[in-house]
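Computed from a prediction, not measured in an experiment: that's the story for all the values here. Below, chain A is the first sequence line, B the second, and so on; all start at residue 1.
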Amino acid sequence: MSPGDPISITGSILAVAVGCSAASLWLLLPRGEGGLREHMASRFGMLLGAVALALFVATGHRLGGLGDEAVFLVVSLVAVISSVATIVTRSPVYSAIWFALALTGVAGVLLVLGAQFLGVATIVVYAGAILVMFLFVLMLAQPTGMAPYDRVSNEPLLSAVAGAIMLGLLTLFIGRLSAGPAECCAVPSKAAALAAGGEVTLSAPSRPAIPADPLAADHVARLGGELFGRHLLAIEVAGVLLLVALIGSIAIVSRTSPEERLDLAARRADA
Amino acid sequence: MTPSALVLNGLIVGGMLFALGLVGILARRNLIVMFLSAELMLQGISVSLVSWSRHHGDWGGHVLVIFVLTVAACEAAIALVFVLQAFARTGRLDSAAWQALRESNLPRSVDHELPAVDAVTPIFPRLTPAGAAPEPDEDALLEREHV
């Protein structure tokens, strides 16, 4: 591949973006420095993060219509920026709020991708989760000041580099997907098999495909049909899983310590 | 079949969310923030699954995301109970409070003395005082200012 190849240019831009995001995360993560130094580090980290995001946007794929592109850009930027804020904010209360904003961004991405039921379900399900998280934080947080374990991180540099390597590998392979059909994963089509004279044994079950219009009126009906048709057994297993988790959490939280049990037994013996 | 541009962008957003959740769960020490980071990774996976579902034009990804939501709910129940128990035992939401569980050949992580919290207090908007000053409320004096 020659250096002037467009794919190689995209690859080098992506490499710069991944490096910028690693440095930005390292600067933004709490490292226990106080005062002006931490302030400057977070400002510089935000700058580097903005550069990395701009580079990622520049290497993104054009969607065609300006409106589609703008909507996807806005919701994905909301999701990614609030995710960064979730993991770098010192106070867990603000972290939960940023996580709620990240969820709205994710729901927007799901809506753009045509998953209207999942987009709404994400918000509905996680609104309760965020509320519970708030209650936990308010119940358990330090009454005065910020806890020292919120102001330092475990190995911030290594963590940021690990995340950036993960991101780099993912973007690399996603970029290869767009470069052309992958030979390794190409599924021989039925027509090709028939043309070759072979016999098609695995006939795909005829199931309702996703309609091209993402806002089709019977989206939820089709999803429900799929869920309670092909995946009926899995639904039952999921129900059992929920029941087991419920019973397990109650059993763990209401378990008493051995001393308390002895105490209870002594009191019962007295009565 | 080459995936469409929307599918590829969705995959990249999903990968970003997953990587950010990974960084959070590796770096942060607060158990609740670690839990939020794990949820962030699940969100990234959901976005990727829906993208692939759009690419293949079937419902498999959507159904898997519904199961991911189910398992996330179970995980939340168990994890929050664990957080509660851990807090009841140590009085901290610190994952390093459980470092006695580490391998015997690993060094103990020691907390260094942290510099004082910077004196820059956040400025919250205040209403303009109007009317007579109210009587001080004893209950309000006992409330904590922030968490």
Side-chain angles (χ1 to χ4, degrees), chain A residues 25 29 32 34-35 60-63 72 76 80 83-84 86-87 92-93 95 99 106 109-110 113-115 118 125 129 136-138 140-141 143 145-146 148-151 153-154 156 159-160 162-163 166-167 170-171 174 177-178 181 209-210 223 226-227 231 238 241-242 245 248-249 252-253, chain B residues 1-3 5-6 8-13 15-17 19-20 22-24 26-30 32-33 36-37 39-40 43 47 50-51 54 57-59 62-63 65-67 69-71 73-74 76-78 80-81 83-85 87 92-94 96 111-112 114-118 144 147:
Chain A
L25 278 177
L29 277 172
H61 301 81
R62 300 278 83 87
L63 296 182
F72 187 85
S76 54
V80 171
S83 311
V84 174
T86 305
I87 65 171
V93 181
S95 209
F99 181 66
V106 168
V109 173
L110 291 181
L113 283 168
L118 290 176
V125 169
F136 265 76
V137 170
L138 292 179
L140 305 181
M146 202 171 286
Y149 51 84
D150 278 332
R151 295 179 56 207
S153 306
N154 286 329
S159 311
M166 182 92 203
L167 184 58
L170 287 173
T171 45
I174 293 167
L177 284 179
S178 65
I210 293 183
L223 180 58
E226 175 84 2
L227 203 55
H231 302 277
L241 180 67
L242 279 172
S249 57
I252 296 172
V253 83
Chain B
M1 182 169 63
T2 307
L6 184 59
L8 289 171
N9 285 347
L11 286 175
I12 287 180
V13 171
M16 280 181 175
L17 292 180
L20 288 172
L22 183 73
V23 172
L26 285 175
R28 294 305 299 268
R29 286 174 57 181
N30 192 317
I32 290 183
V33 180
L36 288 180
S37 304
E39 297 283 330
L40 215 52
Q43 294 297 317
V47 172
V50 170
S51 303
R54 186 183 175 93
D58 69 356
W59 294 97
H62 292 231
V63 171
V65 172
I66 290 178
F67 288 123
L69 279 181
T70 312
V71 175
C74 298
I78 301 289
L80 287 179
V81 166
V83 167
L84 203 59
Q85 294 276 316
F87 185 79
R92 293 191 289 165
L93 284 174
D94 188 2
D111 282 343
H112 301 288
L114 290 176
V117 179
D118 44 348
R144 48 188 179 183
V147 289

**Q** Please classify the contact between Leu69(B) and chain A as side chain, backbone, both or neither, with a heavy-atom cut-off of under 4.5 Å.
**A** side chain
**Q** Does some side-chain heavy atom of Leu110(A) sit less than 4.5 Å from a side-chain heavy atom of Val47(B)?
**A** yes
**Q** Looking at chain A, which one of Leu80(B), Val71(B), Ile66(B), Leu17(B) has the largest number of heavy-atom pairs inside 4.5 Å, strictly under?
**A**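 Looking at each option in turn, the highest pair count goes to Leu80(B).
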**Q** For Val23(B), is it the side chain, the backbone, both or neither that has a heavy atom under 4.5 Å from a heavy atom of chain A?
**A** both
**Q** Counting only non-hydrogen atoms closer than 4.5 Å, does Leu223(A) touch chain B with its backbone (N, CA, C, O), its side chain (CB onward), both, or neither?
**A** both
**Q** Among Ile78(B), Thr70(B), Leu36(B), which residue forms the greatest number of heavy-atom pairs with chain A at distances under 4.5 Å?
**A** Leu36(B)
**Q** Look at Gly15(B), Ala19(B), Ala27(B) and state which one has the largest set of heavy-atom pairs under 4.5 Å with chain A.
**A** Ala27(B)
**Q** Taking Ala96(B), Ala76(B), Gly24(B), Cys74(B) one by one, which has the highest count of heavy-atom pairs under 4.5 Å against chain A?
**A**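 Among the listed options, the one with the most contacts to chain A is Cys74(B).
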**Q** With a 4.5 Å cut-off on side-chain heavy atoms, are His62(B) and Leu227(A) touching?
**A**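 Result no, sub-4.5 Å side-chain heavy-atom pair not found.
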**Q** Among Ala245(A), Gly163(A), Ser249(A), which has the most heavy-atom pairs under 4.5 Å with chain B?
**A** Ser249(A)
**Q** Which one of Leu40(B), Val65(B), Val83(B), Leu84(B) has the most heavy-atom pairs closer than 4.5 Å to chain A?
**A**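 Looking at each option in turn, the highest pair count goes to Leu40(B).
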**Q** Under a 4.5 Å cut-off applied to non-hydrogen side-chain atoms, are His61(A) and Leu6(B) in contact?
**A**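 SC-SC contact between His61(A) and Leu6(B) ruled out.
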**Q** Considering only heavy atoms, which portion of Phe72(A) lies under 4.5 Å from any heavy atom of chain B: side chain, backbone, both, or neither?
**A** side chain
**Q** Taking only residues two or more places apart in sequence or in another chain, which ones pass side-chain contact (heavy atoms from CB on, under 4.5 Å) with Leu26(B)?
**A** Ser159(A), Ala162(A), Leu22(B)
**Q** Search all heavy atoms of Leu20(B) against all heavy atoms of Val80(A) and return the closest pair with its distance.
**A**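 Closest heavy-atom pair between Leu20(B) and Val80(A): CD1-O, 3.8 Å.
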**Q** Can you tell which part of Leu170(A) gets under 4.5 Å to a heavy atom of chain B, answering side chain, backbone, both or neither?
**A** side chain
**Q** Non-hydrogen atoms of chain B under 4.5 Å away: do they reach the side chain of Val109(A), the backbone, both or neither?
**A**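 Contact with chain B involves the side chain of Val109(A) alone.
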**Q** Which pair of heavy atoms, one from Leu25(A) and one from Ala160(A), lies closest together, and at what distance?
**A**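 Residues Leu25(A) and Ala160(A), closest heavy atoms: CB-CB, 3.9 Å.
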**Q** What part of Leu167(A) is in contact with chain B, defined as an atom under 4.5 angstrom from a non-hydrogen atom: side chain, backbone, both or neither?
**A** both
**Q** Tell me the closest heavy-atom pair linking Arg29(B) and Asp94(B), and the distance in Å.
**A** NH2-OD2, 2.8 Å
**Q** Is chain B contacted by the side chain of Ala238(A), its backbone, both, or neither, given a heavy-atom distance below 4.5 Å?
**A**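 When you check distances to chain B, atoms from both the backbone and side chain of Ala238(A) fall under 4.5 Å.
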**Q** With rounding to the nearest 0.5 Å, note down the distance linking CD in Gln43(B) to OG in Ser83(A).
**A** 9.0 Å
**Q** Using every non-hydrogen atom in the two residues, find where Leu113(A) and Ser51(B) come nearest and quote the distance to one decimal.
**A**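 Distance-wise, the nearest heavy atoms are CD1-OG, 3.4 Å.
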